[in-house]
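Take a look at the structure below.
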Amino acid sequence: MVRIAHFADTHLGFRQYNLEEREQDFYDVMDEIAEKIVEERAEIVIHSGDLFDSPKPPAQAYYAFKKFLNKLEGKAKVFAVLGDHDTPKRRGMPPHKVFDDRIRILGLASGEHQTLNLKGEEVFIAGISHFGRRYRDLLIEELKKLETLVSKNSISILALHQAIDKFFSIEDVYELRVDEIPRNFKYYAMGRLHSRMLASFGNGTLAYSGSTEIIKSDEIADWEKSGKGFYIVDIGKEDVHVEKVNLERIRPQLRVRWDYKNFEEELEKFLNTIEDYKKLPIVHATVEGREVDRQKVQQVLNQFLAKRVLHFRSKIIEETEREFFEMKTGEMNIRALLREYFENEKISEFAYELFKALRIGDIEEAKKIAEDYLRGLRQNDVEKSSP
Ligand SMILES: [Mn+2]
């Protein structure tokens, strides 16, 4: 039996809403992860990509990872694959390389593996860093090579940072179909999907550990429902046991919806519920009603929320607008309309995501969506120009 800690999508260096506190939050969480990994006595640590939010992270992000490694020094062996966010353009050096005397980066150009001997047990660890969709065929080839190297009853781990069709809701952005993944590994340590996901697969268990902080507002529901954090996995020759570890230093993000008619009362009630958080929350407030005095709503929100929360975002919905949307244009219709117009799945999905964010005036979210999309485009360019 060997005990591993599996996590991914830590996005060190990301600064949500351009707030210094939000950058710091991601470093706090990294400290907490290290402490909890030590408590859990994991012998192997696997990071499945997007360790950093960009291939050129700020110095603080390097420092946060250095602190992380210091805490684990002599206690666990650390492995990492690159994600879509921290893979450098062209032939640049990945930021992880700074730590290559202390971590093992797997699969920079092709599938790679290492066999460890832990307390007399052989552990086979394989990994491939992120491949863009355009290079799918190469990725599949690399996976086939790894498949031939694993013996059926060994303790074997495969680390990947890829979107698998079965687990991604947006069709056509996946890089792997579920039937293209070798089935003879015991544990599939996945990154890329920001919500947690566990599935039995082939001989073992496939797991997306999810992001470790709330990166986009569409991650709030998942965080509320099942928490965020990492997995502690006990892998034996026969079976795999996965336990989720939740993090407490994640900054709370709350969605609230208030009726304009009694909005001030509801706001007051809400303020009583947020006193116990260790970190000031981020609030996404919606005020809904007829003939809303927008200026007044803003004023009241400013007056009451400003010092009680780290940051708040508000949207005001006039009831007539809402009726219009519901009656005339269901979300699916808009999506279909965009598909028809662009005749390209990727672009129409991008437009639809943008539409959803901008319809409610969420500029920050729209920026993040646009950045992600542009990053995808640039990657494809690099791939096109690579041999
Ligand atoms: Mn990510």
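Indexing begins at 1, ligand by ligand and atom by atom, following the structure's order. All values below were derived from every heavy atom in this structure, side-chain atoms included, with hydrogens, water molecules and symmetry-related copies excluded. The residues of the chain are indexed from 1 along the displayed sequence.
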Kindly list each side-chain donor-acceptor pair under 3.5 angstrom involving residues 51-74, sequence neighbours excluded, with atom names and distances?
residue: D53; atom: OD1; partner: H11; partner atom: ND1; Å: 2.8
residue: S54; atom: OG; partner: K56; partner atom: N; Å: 2.9
residue: S54; atom: OG; partner: K56; partner atom: O; Å: 3.2
residue: K67; atom: NZ; partner: D31; partner atom: OD2; Å: 3.4
residue: N70; atom: OD1; partner: R102; partner atom: NH2; Å: 2.5
residue: K71; atom: NZ; partner: D31; partner atom: OD1; Å: 3.2
residue: E73; atom: OE1; partner: R102; partner atom: NH2; Å: 3.1

Original post:
Can a donor-acceptor pair be found between the side chains of H194 and D9 at a distance below 3.5 Å?
Top reply: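 H194 vs D9: donor-acceptor pair found between side chains.
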Subject >> Residues in side-chain contact (heavy atoms from CB on, under 4.5 Å) contact with D222, at least two apart in sequence or another chain >> reply: S195, S226, K228
Subject >> For K216, side-chain hydrogen bond (donor to acceptor under 3.5 Å, both in side chains) partners two or more places apart >> reply: D372
**OP:** Check for a donor-acceptor pair, side chain of Q162 on one end and backbone N or O of L176 on the other, with a separation under 3.5 Å.
**Re:**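 Side chain of Q162 to backbone of L176, a donor-acceptor pair under 3.5 Å: no, none is there.
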**OP:** Spell out, as yes or no, whether a donor-acceptor pair under 3.5 Å connects the side chain of E175 to the backbone of G132.
**Re:** no
Subject >> Polar protein atoms (N, O or S) that approach the Mn ion (ligand 1) to under 2.8 Å >> reply: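 N, O, S partners closer than 2.8 Å: D9 OD1, H11 NE2, D50 OD2, H194 NE2.
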